[in-house]
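To start, the structure itself, in structure tokens.
Heavy atoms only: backbone and side chains are in, while hydrogens, waters and symmetry mates are out. Everything quoted here is computed from the prediction, not taken from an experiment. Letters go in sequence order (proteins before strands), and every chain restarts at 1.
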Protein chains: 4
Amino acid sequence: MEKLNLRQQKGLETKNRLIDSALKVFSAKGFDASTTKDIAKEAGTTDGLIYHYFKSKEELLWAVVDKHSLIPSLRDAADQTDPDVPLESLLTKYFGQLLHRLNEKTDLIVMFFGEAQRKPQIREYLVSLIEEGLKPLYFLLKDRTALNEEELRLAVRNIQTAMVMYFLLYDRFTRNEETRESYIHTTVQQFLKILG
Amino acid sequence: MEKLNLRQQKGLETKNRLIDSALKVFSAKGFDASTTKDIAKEAGTTDGLIYHYFKSKEELLWAVVDKHSLIPSLRDAADQTDPDVPLESLLTKYFGQLLHRLNEKTDLIVMFFGEAQRKPQIREYLVSLIEEGLKPLYFLLKDRTALNEEELRLAVRNIQTAMVMYFLLYDRFTRNEETRESYIHTTVQQFLKILG
Amino acid sequence: MEKLNLRQQKGLETKNRLIDSALKVFSAKGFDASTTKDIAKEAGTTDGLIYHYFKSKEELLWAVVDKHSLIPSLRDAADQTDPDVPLESLLTKYFGQLLHRLNEKTDLIVMFFGEAQRKPQIREYLVSLIEEGLKPLYFLLKDRTALNEEELRLAVRNIQTAMVMYFLLYDRFTRNEETRESYIHTTVQQFLKILG
Amino acid sequence: MEKLNLRQQKGLETKNRLIDSALKVFSAKGFDASTTKDIAKEAGTTDGLIYHYFKSKEELLWAVVDKHSLIPSLRDAADQTDPDVPLESLLTKYFGQLLHRLNEKTDLIVMFFGEAQRKPQIREYLVSLIEEGLKPLYFLLKDRTALNEEELRLAVRNIQTAMVMYFLLYDRFTRNEETRESYIHTTVQQFLKILG
DNA sequence: TATGAATGAGGTTTCATTCAT
DNA sequence: AATGAATGAAACCTCATTCAT
């Protein structure tokens, strides 16, 4: 591996701190309303340093996107689900995991939805993210349903986007365990009917 | 009513033009990245005039929200749906209307979702909008399903938020009639299973 | 003509003041070392206003070039010279006028020579300026010399560029009438030999 | 002399490389628009190192001036000219050498003319350079002309500054041998008339 | 009502310079 | 000797807002 001396190591930490701070600030205020000073302050440095590590504020945004990719997180939600259990508990567990992961990545997701409406690159990334996010559930279900491929794909997309919306507009503000469980329970029941 | 002389009338027109232009620009660039000059140009006037009609750029945003309420539009989607027809065609028609209305109000909706993540007032409005938007479908269905109130409410919310998401991420970019109809068709089929 | 109200007239004055101030500052410090604040201060306004009238600092530079064109000034130097007088006094008068004009436009010329070495557009303008500047003397002489066209052109260019150099490196710092007259006198004597 | 160990030797090389790189960059962009990073990159090091060898960017400029004196180069132009040959070929050869030397030192000369207009120290150096540069030709000619000292001095200055101007504005961009030879030829013919 | 000149605060970005390693 | 992380001042530029006309 590369040898980094102490100085360089500290530099790398600073760079990472800048990315993390940027995520926090961007998601709180939106990209445009976030100032480089905000971000630097959050990271405990000065704004000039941002330009030592990134070409522009925009590039910092992309560094945030790169570092905090959601996809691994989404895949985990499925991996941690045992495929031998009954569908109902499988789905309950999966959706529980999903909302859990979304909550862990609240900042990032909020930022994505805020910027996606105007930055096409972000929107494309978001769409690919969702497509990617559908796969785990799709593969979990494709051998256990009467729906054909097309139908299953749509069912999975609908249920999952509905859940993201639920997260964005309700769950992340209440963070109430009971409400969430009840929501998941009922949603699973109804989803099972679709799967047949 | 007060009678407006010619000058006042022209003024009112200008004010309305400013609001409409603001909607267009806000939805295209986001509130923060929109400049008063952008808006004025779009309206065919000069930026100074904005401050004759509105206290600030922020106030102009609220004027946009006030003027372009989505609720009537959503209600229409249900009103134009005859309650005596079979559920399937009723839902097909309703969802068709819904996507149609969303497309008509693309600018507004995009703006709402862009700003809702950071302006709490906008988020609250968006939530209330969605709650309001659920009512027509809820009332259309409540006497024709085996689901209890709670279940129906959730089912309606899930299906409808899924559809808004579909609109935001896909439909508004493709605007392909066939794809949309196919989407609606399959979604309705699956929704019918939930309604039982 | 266009009607300008008082406000617009004042605005035009401000714009012109900005251009003149820019010339002063650019020629004193060079383009790169001149700050927009410097220029604004010199003009008695604030730097923001520069961008009301000009797209960028660079565009302000071009506005300076446009407004303070040297060519009319150069042409005048010849126009004021009566073609019926003996060559010697004609040349003496012409060169006197030339140095006089150069002194009047010191700022501009110094700026040109400073920037021409790196801004190709400025260099081209400078070259065209010099070519243009040669014409009056050329037309004054072409019927009164044994030189052919080619030779005369070169003679005129050499003598005139030498004079500009003299101005740039000596005359503009001493501004001593006697020295200048003596320089002109001897130069004319030698130039007459060339003309034959 | 002091003996330099390997490390010191390498250091000296680096310092020289920095000076040469600075010359290149300064002449290309001008002093103000040149960054320490530019210079360091050109030299294959990092900007911090400049401050190990020089107090400031300005001091580096003076180091450039010190190292790259033009005077020896100018003197060479005369030294390589045999005084026994006819004036015409002598002058032809001398001016050929002069343009050749100027081309060799393009960077330096361009930098001088760019900065001379605002840095008085540079201007003084440039003037002294020109005065110095006139001497070789003056001494070459003083016994072979009817002109008195004063007249010869002026003739030499005029012809030589004209030639520098020719170099700055034309020759260095075209670098066309034929054009240059033709220019020199005609110029020499005319200069001979002055010398009488 | 409408214009657009003017302001001033503040944003992104650049850069000479310092300094720990 | 050499690196490059870090600083902080200042540059260019943007823009909401005010206001005289």
Side-chain angles (χ1 to χ4, degrees), chain A residues 5-15 32-40 45-58 60, chain B residues 6-15 32-40 44-58 60, chain C residues 5-15 32-40 45-58 60, chain D residues 6-15 32-40 44-58 60:
Chain A
N5 64 29
L6 211 72
R7 199 88 203 282
Q8 288 171 316
Q9 225 172 71
K10 255 187 79 185
L12 200 62
E13 271 168 41
T14 307
K15 186 178 178 175
D32 289 309
S34 302
T35 71
T36 48
K37 255 194 184 103
D38 286 342
I39 297 164
T45 32
T46 52
D47 49 353
L49 192 57
I50 290 176
Y51 295 84
H52 183 66
Y53 291 111
F54 310 97
K55 269 213 193 75
S56 64
K57 192 179 150 192
E58 174 106 15
L60 175 55
Chain B
L6 208 73
R7 191 162 190 200
Q8 290 172 314
Q9 223 171 71
K10 242 189 94 187
L12 199 60
E13 268 170 42
T14 307
K15 185 176 179 177
D32 290 307
S34 301
T35 70
T36 49
K37 249 194 187 105
D38 284 341
I39 297 163
T45 32
T46 52
D47 50 352
L49 191 57
I50 290 176
Y51 294 82
H52 184 68
Y53 292 111
F54 310 96
K55 264 211 196 83
S56 65
K57 192 179 147 192
E58 176 104 14
L60 175 55
Chain C
N5 63 29
L6 211 71
R7 199 91 203 283
Q8 289 171 314
Q9 224 172 72
K10 252 188 83 186
L12 200 63
E13 270 168 41
T14 307
K15 186 177 179 177
D32 289 307
S34 302
T35 72
T36 49
K37 260 197 178 100
D38 285 343
I39 297 164
T45 33
T46 53
D47 50 354
L49 191 58
I50 289 176
Y51 296 85
H52 183 67
Y53 292 110
F54 310 96
K55 269 213 191 75
S56 63
K57 191 180 150 193
E58 174 105 17
L60 174 55
Chain D
L6 209 73
R7 193 163 187 197
Q8 291 171 314
Q9 225 172 71
K10 243 190 93 186
L12 198 62
E13 268 170 41
T14 306
K15 186 176 180 178
D32 290 306
S34 301
T35 71
T36 49
K37 251 195 184 101
D38 284 341
I39 297 164
T45 33
T46 52
D47 50 352
L49 191 57
I50 290 175
Y51 294 84
H52 183 69
Y53 293 111
F54 310 97
K55 265 213 197 83
S56 65
K57 192 179 147 191
E58 176 104 17
L60 174 55

[N] [atom2] sits how many Å from [X] [atom1], rounded?
{"X": "C:I50", "N": "F:dC13", "atom1": "CD1", "atom2": "P", "result": "9 Å"}
{"X": "A:L60", "N": "E:dG11", "atom1": "CG", "atom2": "P", "result": "16 Å"}
{"X": "D:D32", "N": "F:dA10", "atom1": "CG", "atom2": "C1'", "result": "14 Å"}
{"X": "C:K55", "N": "F:dC13", "atom1": "NZ", "atom2": "P", "result": "12 Å"}
{"X": "D:E13", "N": "F:dA1", "atom1": "CD", "atom2": "P", "result": "13 Å"}
{"X": "D:Q8", "N": "F:dA1", "atom1": "CD", "atom2": "C1'", "result": "10 Å"}
{"X": "C:Q9", "N": "E:dA6", "atom1": "CD", "atom2": "P", "result": "12 Å"}
{"X": "A:E58", "N": "E:dT12", "atom1": "CD", "atom2": "P", "result": "12 Å"}

Distance (rounded to the nearest 0.5 Å) between C:H52 NE2 and C:T14 OG1: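 Answer rounded to 0.5 Å: 9.5 Å.
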query: Once you round to the nearest 0.5 Å, how far does CG of C:N5 lie from CZ of C:R7?
result: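 Answer rounded to 0.5 Å: 8.5 Å.
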message: Side-chain N or O of C:T46 versus OP1/OP2 of E:dA6: is the shortest distance under 4.0 Å?
response: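 C:T46 to E:dA6 OP1/OP2: no side-chain N or O under 4.0 Å.
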- prompt: Under 4.5 Å between any side-chain heavy atoms of A:L12 and A:Q9, yes or no?
  reply: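 Not in contact.
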- prompt: What is the nucleic acid contact for D:T36, judged by heavy atoms within less than 4.0 Å: base, sugar-phosphate only, or nothing?
  reply: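 Since a base atom lies under 4.0 Å of D:T36, the category is base.
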- request: Answer with base, sugar-phosphate or nothing: what part of the nucleic acid does B:Y53 contact at a heavy-atom distance below 4.0 Å?
  value: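 Touches sugar-phosphate only.
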- prompt: Between D:K10 and B:T35, which has a closest nucleotide on DNA chain F that is more 5'?
  reply: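 Whichever sits nearer the 5' end wins; that is D:K10.
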message: Both D:G11 and B:A33 contact DNA chain F. Taking the nearest nucleotide for each, which residue is further toward the 5' end?
response: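 With D:G11 and B:A33 compared, the 5'-side residue is D:G11.
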message: According to salt bridge (charged side-chain N to carboxylate O under 4.0 Å, His left out), who are the partners of B:D32, at least two apart in sequence or on a separate chain?
response: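 B:D32 satisfies salt bridge (charged side-chain N to carboxylate O under 4.0 Å, His left out) with no other residue.
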message: If you assign each of B:K37 and A:S56 to its closest nucleotide in DNA chain E, which residue comes earlier from the 5' end?
response: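 Its nearest nucleotide lies further toward 5', so the answer is B:K37.
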query: Between the base of F:dC13 and the side chain of C:D47, is there any donor-acceptor pair under 3.5 Å?
result: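 Result: at least one qualifying N/O pair found.
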field: Counterpart residues, side-chain contact (heavy atoms from CB on, under 4.5 Å), relative to C:T36 (two or more places apart)
entry: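 Scan of C:T36 (side-chain contact (heavy atoms from CB on, under 4.5 Å), adjacent residues dropped) gives C:D47, C:I50, C:Y51, C:K57.
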message: Taking side-chain contact (heavy atoms from CB on, under 4.5 Å) as the definition, give me every residue that meets it alongside C:K10, ordered by chain and number, with sequence neighbours left out.
response: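 Once residues adjacent in sequence are excluded, C:K10 has no partner under the side-chain contact (heavy atoms from CB on, under 4.5 Å) criterion.
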Polar pairs (N or O, both sides) under 3.5 Å between protein and nucleotides 19-21 of chain F?
unit_1	atom_1	unit_2	atom_2	d
F:dA20	N3	C:R7	NH1	3.2

message: Just to be sure I follow the notation: if a pair is Watson-Crick (purine N1 to pyrimidine N3 plus N6-O4 or O6-N4) or a G-U wobble (N1-O2 and O6-N3), each under 3.5 Å, what dot-bracket string does DNA chain E give, with | for pairs to another strand?
response: .||||||||||||||||||||
- request: Please confirm whether the backbone N or O of D:L60 pairs with a side-chain atom of D:Y53, one donor and one acceptor, at under 3.5 Å?
  value: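 Checked: no pair found.
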- prompt: A:H52 has a side chain; which of F:dT7, E:dT17, F:dG4 sits nearest to it?
  reply: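 Closest nucleotide to the A:H52 side chain: F:dG4.
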query: Who passes side chain to side chain donor-acceptor pair (under 3.5 Å) against A:T46, sequence neighbours left out?
result: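 By the side chain to side chain donor-acceptor pair (under 3.5 Å) rule, A:T46 matches no residue at all.
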